[in-house]
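To keep things clear, I will list the structure first and then write my remarks on it.
Ligands are counted one by one from 1 in listed order, and the atoms in each one are counted from 1 as well.
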Amino acid sequence: MMCSLWRGTLLTLTSSLNRRVFQCCRQLGRSYNIASCMPEAVAFQGVSDHSGLYKFSVNESDRFWGAVARQRLSWISPFHTVQNCDFSQGKIKWFEGGKLNVSVNCLDRHVQTCPERVALIWERDEPGTEVKITYRQLLELTCRLGNLLKRQGVRRGDCVTIYMPPCPLAMASMLACARIGAAHNVVFAGFSSEALADRIRDAQSSTVITVNQGVRGGKVVDLKRTVDQAVQNCPTVQQVLVAMRTENTVPMTDRDVPLEEEMMKEDVVCEPVAMDSEDVLFLLYTSGSTGKPKGLVHTQAGYLLYTSLTHRYVFNYHDGDVFGCVADIGWITGHSYIVYGPLCNGGTTVLFESTPVYPNPGRYWEMVERLGINQFYGAPTAIRLLLKYGDEWVQNYNRSSLKTLGSVGEPINTEAWEWYHRVVGDGRCPVVDTWWQTETGGICIAPRPADPEAEIVPGMAMHPFYGIKPALLDTEVVTGDGVVLQSAQFPAFLRLRLALCYNQYCPLNCATPLLGFFFTGDGAHRSKEGYYQIIGRLDDVINVSGHRLGTAELEDVVVCTIIIMFGLGVYVFVVLKKAVMVEEDVLAQQLREMVSRSIAKYACPDFIQVVRCLPKTRSGKIMRRVLRKVVERNTDELGDLSTLDDPDSVHEVIRGHRRLR
Ligand code: PRX
């Protein structure tokens, strides 16, 4: 087993990439100075450019992160040790001895210098009805909510579940938790009541915050009703705080607290709690390759520092810019690049409630013009969708405010990349394809920061960020080659018990676990120039429209089926128990309802194929790679079938697949 630089196919891969190199973001006529870009760099002797700074950040990790943390965060008391990590023990500790409050870093210190600066622009579902909230107002909201939570009995160390669409009160709820020392557990408001109940129980929340109804794409969604169903099975829940997004009243019980009414009774001052650097900031559930979703833990100082640093440098964010990340706050992208990164930097951040096609496919770009967005950060799935509607929907609007375009969540194919660059960005904005995960808290691989004239290859995430050391696993170990992060080396990596179980990851054919490395589950190639290209998942996690889903989680719901990825959707193979006689249409309908009820609508299967049996090895393992090839219509490349138990099973699957399509 080897962890090595990838030496094989990368050259052909790079050349197959339609290798047009874009020299983006030229700052013509301006001499480039690393110290003016990153003030801390002055303290790092001999560092004069980005590659020098990157080397310094990984070789002199303590000095790098120590200086950055002192410069960028406001501390109540200073830390004495930059890092204390022992991955073999699952120990990851950063900035020990330090005390701080995340909400103070995100709000109070900006209120002192620029209270009337707009902190957030709530881009409501109805176009043209945006609401702007200044730092002073957001601090007031946060303090009132913090006081209300305390009155309801929430204490330091408790975990509050937030089930809300993107709205100012959702953001204030997250910050209010941080202010009073509680952790938050934001659950994406598209999840079903069962999925919500699982997460509330796992986090042992006594308090849930929600809204009466959500509004998205012109449709009203009964979120409070979903919470009512969920909490029936959650004995820990004592109260549900209900904000009003629409004017419709919803049934309220003794447990329910009208949020706006009660928070207005509270004081606008709420003393921030001094938190240890390593206290929990939040839990966020994500799909893994086995079983139920895992609650990942991120802590205070390291996470905040890393998200603010990446926000500043990957997107080249400057004071006064309007940052438009169109993710939902229920995912890590929303946590890191709508809330914590931008607010820590005193930025103006957009909170997008709608969809890319409501009321029409020009929505994003009309919003860019109206709000003057400078950095736009979205997902390839939306870009691919919009490019199908044609260039006019983009060109109808003035996008001259745009400076940087970001992409996240899944690989961005060359066609989408070029359209994004050429049409949306008028060929003048760098496209930063950013690779990272819920586990990493913030962006790990991206084309920037780099010399502004450095090349960006379409579809490549390019370079590791400061402090990140990716390593690729050799093909002898897994099929394909994977990105492996040396996780203990950067401050935002996930914490606690989970570090231990990730640490136990043991690749196929490998007798001992890979100590010190974290297996990301993604395949990647590295070019001879050292540029990274992310290929996609290698494990049993699939990516559906930029959302992560564990096949095991789905298989839990639809018993006796196997799910594999097909383009953007989910393809399910069903093996019926012999006794079951059912029409395929009826079965498909039932399966979709089950998945929608147990997980979320976005997880619903797109294709369902009933088969007599699945291709298995003689030792009984399902040959998922064969199924994948069938679905991808690559039946000439089924690979080695010598261990197949029943060769007819493959032919049957192929025949059935042809009938279906
Ligand atoms: O497979 C990778 C894909 O999204 C996974 C992480 O999903 P999640 O934890 O939900 O976080 C999503 C937002 C960071 C990764 O393991 N992924 C993320 N960004 C990219 C990507 N795949 C290719 N290119 C990317 N830029």
Side-chain angles (χ1 to χ4, degrees), residues 186-188 190-191 282-289 293-298 303 306-307 310-311 314-315 325-338 340-341 377-384 405-414 416-417 420 431-448 456-465 468 470 480 482-485 487 492-494 498 502 505 518-525 531-551 553 565 568 600 602-603:
V186 182
V187 179
F188 170 58
F191 276 125
F282 65 84
L283 281 182
L284 193 57
Y285 286 79
T286 192
S287 297
S289 53
K294 294 175 287 211
L296 303 190
V297 174
H298 283 288
Y303 170 81
Y306 194 78
T307 53
T310 44
H311 171 252
V314 170
F315 300 101
C325 169
V326 288
D328 191 286
I329 48 156
W331 307 113
I332 189 69
T333 310
H335 282 53
S336 302
Y337 298 108
I338 296 176
Y340 291 111
Y377 194 27
T381 182
I383 303 301
R384 280 193 299 267
L405 299 172
S407 166
V408 62
E410 56 187 312
I412 179 163
N413 53 313
T414 310
W417 193 102
Y420 202 23
V431 172
V432 292
D433 176 13
T434 63
W435 177 89
W436 58 295
Q437 308 183 291
T438 309
E439 289 86 341
T440 67
I443 295 164
C444 290
I445 306 182
R448 295 288 182 269
I456 300 181
V457 183
M460 276 197 155
M462 306 293 293
H463 313 291
F465 189 74
I468 298 294
V483 176
V484 182
L485 296 180
S487 58
F493 188 69
L494 86 158
L498 290 147
Y502 275 105
Y505 174 77
F518 160 62
F519 181 74
T520 64
D522 285 319
H525 286 276
Y531 302 161
Y532 287 83
Q533 184 190 23
I534 312 298
I535 310 296
R537 301 292 306 184
L538 295 173
D539 58 8
D540 291 335
V541 174
I542 57 177
N543 201 321
V544 184
S545 306
H547 298 154
R548 234 161 99 176
L549 263 183
T551 52
E553 190 184 338
M565 184 175 71
L568 300 178
Y602 79 82

Which of the ligand 1 atoms, numbered from 1, are nearer than 4.0 Å to a heavy atom of Val408: 13 (C), 14 (C)
Ligand 1 contact by Ala461, heavy-atom criterion under 4.0 angstrom: no
Polar proximity ligand 1 side, Gly409 side, N/O cut 3.5 Å exclusive: yes
So, His298 side chain and Ala492 main chain: donor-acceptor pair closer than 3.5 Å or not? yes
Atoms in ligand 1 flagged as close to Trp436, the criterion being non-hydrogen separation under 4.0 Å: 6 (C), 14 (C), 15 (C), 18 (C), 19 (N)
List the residues meeting ring-ring contact (aromatic ring centres under 6.0 Å, His included) with Tyr285, not counting sequence neighbours, and say none if there are none. none
At under 4.0 Å between heavy atoms, what of Thr438 touches ligand 1? The answer is both
Restricting to heavy atoms, the pick from Ala327, Pro411, Gly442, Ser407 nearest atom 23 (C) of ligand 1 would be Pro411
With heavy atoms and a 4.0 Å threshold, my read on which part of Gln437 contacts ligand 1 is both
Check each atom of ligand 1 against the heavy atoms of Asp522 and keep those under 4.0 Å away; list them by number with element. 1 (O), 2 (C), 15 (C), 16 (O)
Show the atoms of ligand 1 that are less than 4.0 angstrom away from any heavy atom in Asp433. 25 (C), 26 (N)
Can an N or O of Glu439 be found at a distance shorter than 3.5 Å from an N or O of ligand 1? no
Residue set satisfying ring-ring contact (aromatic ring centres under 6.0 Å, His included) with Tyr420, at least two apart, ordered chain then number -> none
Thr333 heavy atoms within 4.0 Å reach ligand 1 at atoms 13 (C)
With heavy atoms only and a cut-off of under 4.0 Å, state how Thr434 meets ligand 1: side chain, backbone, both or neither. backbone
Show your working on ring pair (Phe, Tyr, Trp, His ring centres under 6.0 Å) between Tyr337 and Trp436 and close with a plain yes or no. CA-CA 12 Å; Tyr337 298 108; Trp436 58 295; 5.2 Å; yes
